[in-house]
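Below: the structure, in structure tokens.
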Amino acid sequence: MAVLSRLIWRRAASARSFCTKSDRQILSSPLSSALPANDSTGKGRNVQWVFLGCPGVGKGTYAARLSKLLGVPHIATGDLVRHELSSSGPLSSQVDWINSLAEIVNQGRLISDEIIIDLLSKRLEEAQAKGQTGFILDGFPRTVRQAEILEDVTDIDLVINLKLREEALIAKCLGRRTCSECGGNYNVACIDIKGEDGNPRMYMPPLPPPPQCESKLITRSDDNEEVVKERLRVYKEQSRPVEDFYRLRGRLLEFDLPGGIPESWTKLLLVLNLDDHENKRTAAA
């Protein structure tokens with residue numbers, strides 16, 4: 001583990017080229033500092049954003065959309081872990097290591113900082129080699145220690161914290177499906193929560209697959225009610241302090257999802273002062 005730790009820190013140091021820590025003042029409003037400052041050469045760089053939120057809230061969906069809109073890599077640590085667990089992962093030949101990682105995932109526990117940082121550092125190196133700049137992180141950091149390590153390595157411009165009612169979160173997780181052939185993500189849950197206690201009604205329609213994928217849908221092994229509830233418990237216990245970490249630094253933007261993707265995406269863009277011209281052209285066609 002000591003050897004792995006030294007390797008992690010060397011990789012973390014190589015990621016500094018994305019934008020090393022500067023001495024600029026931390027502003028009180030997250031949106032006032034959401035757009036990155038110039039780098040040491042005087043040239044602008046792409047955004048470096050983080051998505052926070054409970055498992056199943058939709059971080060990947062909105063991070064992927066913003067990634068396409070802004071032209072920056074979307075780096076999801078959950079996908080990195082699943083890639084390692086697949087036969088195509090670079091560490092797939094290390095059977096004991098993979099079995100241990102699979103056990104952690106299937107029980108809904110948090111993966112160690114060392115493993116996550118190692119996988120993330122490799123992904124940042126790949127992006128750097130391709131000439132990519134900026135990033136949108138999804139699923140990292142999940143602990144204050146991870147947030148501190150990330151802060152030492154690079155500047156984070158904005159942290160978007162997605163929030164959703166717990167009953168909707170559980171239903172969403174249980175409804176998730178993936179096409180075993182194309183890898184497309186869908187959701188068979190139809191969520192309709194009545195308004196009560198001052199909360200408005202929430203309706204989230206299902207996201208059905210196209211006909212060619214219907215017979216090929218699979219469910220993630222960790223998407224069962226027991227594991228989902230354990231993941232939410234662990235998140236509240238260990239990851240909520242990360243929200244406070246960024247809130248104190250004026251980087252946190254809280255966003256309550258009002259409903260399904262069309263409604264939530266439009267309102268998120270409005271809050272971020274962004275415009276999705278591509279979607280507008282598609283809708284008008």
Taking side-chain hydrogen bond (donor to acceptor under 3.5 Å, both in side chains) as the definition, give me every residue that meets it alongside [X], ordered by chain and number, with sequence neighbours left out.
X	value
Lys229	Glu225
Asp244	Arg247
Glu226	none
Asn187	none

Discussion item. Going by the rule side-chain contact (heavy atoms from CB on, under 4.5 Å), which residues pair with Glu148 if we only count those two or more places apart in sequence or in a different chain?
Written reply: Val144, Phe245
Practice prompt. For Pro258, check side-chain contact (heavy atoms from CB on, under 4.5 Å) against everything at least two apart and list the hits.
Written response: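 Listed in chain order: Phe255, Glu263, Ser264, Lys267.
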For the residue pair [X] and [Y], establish whether any side-chain heavy-atom pair is separated by less than 4.5 Å.
X	Y	result
Leu252	Ile160	no
Phe51	Asn161	no
Thr266	Asp276	no
Thr61	Ile261	yes
Val228	Pro55	no
Val159	Trp49	no

So, does [X] use its side chain to make a donor-acceptor pair with the main chain of [Y] at under 3.5 Å?
X	Y	value
Gln146	Arg142	yes
Gln48	Asp157	no
Thr77	Gly139	yes
Asp138	Ile75	no

For [X] against [Y], the heavy-atom pair lying closest together:
X	Y	result
Leu158	Arg251	CD1-O, 3.6 Å
Ile191	Ala168	CD1-O, 3.6 Å
Ser67	Ile136	N-CD1, 3.6 Å
Met204	Gly259	CE-O, 3.4 Å
Asp275	Leu69	O-CD1, 3.7 Å
Gly53	Lys59	O-NZ, 3.0 Å

Worksheet item: Under the salt bridge (charged side-chain N to carboxylate O under 4.0 Å, His left out) test, which residues partner Glu166, sequence neighbours left out?
Response: Lys236
Worksheet item: Looking at residues at least two apart in the chain, or sitting in another chain, which of them share a salt bridge (charged side-chain N to carboxylate O under 4.0 Å, His left out) with Arg240?
Response: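 With sequence neighbours excluded, Arg240 shows a salt bridge (charged side-chain N to carboxylate O under 4.0 Å, His left out) to Glu243, given in chain and number order.
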Item to complete: For residues 200-210, pull every pair meeting salt bridge (charged side-chain N to carboxylate O under 4.0 Å, His left out), keeping only residues two or more places apart or in separate chains.
Response: Asp192-Arg201
Worksheet entry | Hydrophobic cluster partners of Leu217 (side-chain heavy atoms under 4.5 Å) | Tyr186
Item to complete: Dump the intermediate steps for side-chain contact (heavy atoms from CB on, under 4.5 Å) on Leu120 and Phe140, then the final yes or no.
Response: CA-CA 9 Å; Leu120 178 60; Phe140 183 93; 3.5 Å; yes
Worksheet entry | Audit row: Leu66, Leu269, side-chain contact (heavy atoms from CB on, under 4.5 Å) steps and yes/no | CA-CA 9 Å; Leu66 283 172; Leu269 290 178; 4.2 Å; yes
Item to complete: First locate atom CG of Leu162, then atom CG of Asp256, and finally report the distance between them rounded to the nearest 0.5 Å.
Response: 9.5 Å
Worksheet entry | Atom pair OH (Tyr203) and SG (Cys190), whose distance is rounded to the nearest 0.5 Å |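 These two atoms lie 4.0 Å from each other.
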Practice prompt. Begin from the C-alpha positions of Arg233 and Glu237 and carry the test salt bridge (Lys or Arg N to Asp or Glu O under 4.0 Å) through to its verdict.
Written response: CA-CA 6 Å; Arg233 186 196 67 78; Glu237 180 180 301; 2.9 Å; yes
Would you list the atom pairs, donor with acceptor, under 3.5 Å between side chains in residues 169-178 and any protein atom, with sequence neighbours excluded?
residue	atom	partner	partner atom	Å
Lys172	NZ	Gly56	O	3.1
Lys172	NZ	Val57	O	3.2
Arg176	NE	Asp223	OD2	3.1
Arg176	NH2	Asp223	OD1	2.9
Arg177	NE	Thr219	OG1	3.4
Arg177	NH1	Leu174	O	3.0
Thr178	OG1	Asn185	OD1	3.2

Worksheet item: Between Val242 and Leu52, is a side-chain contact (heavy atoms from CB on, under 4.5 Å) present by the stated rule, with each step listed?
Response: CA-CA 9 Å; Val242 179; Leu52 296 182; 4.1 Å; yes
Expected list for residues 206-216: side-chain donor-acceptor pairs under 3.5 angstrom, two or more places apart:
residue	atom	partner	partner atom	Å
Lys216	NZ	Glu181	OE1	3.4
Lys216	NZ	Glu181	OE2	3.4
Lys216	NZ	Gln212	O	3.3

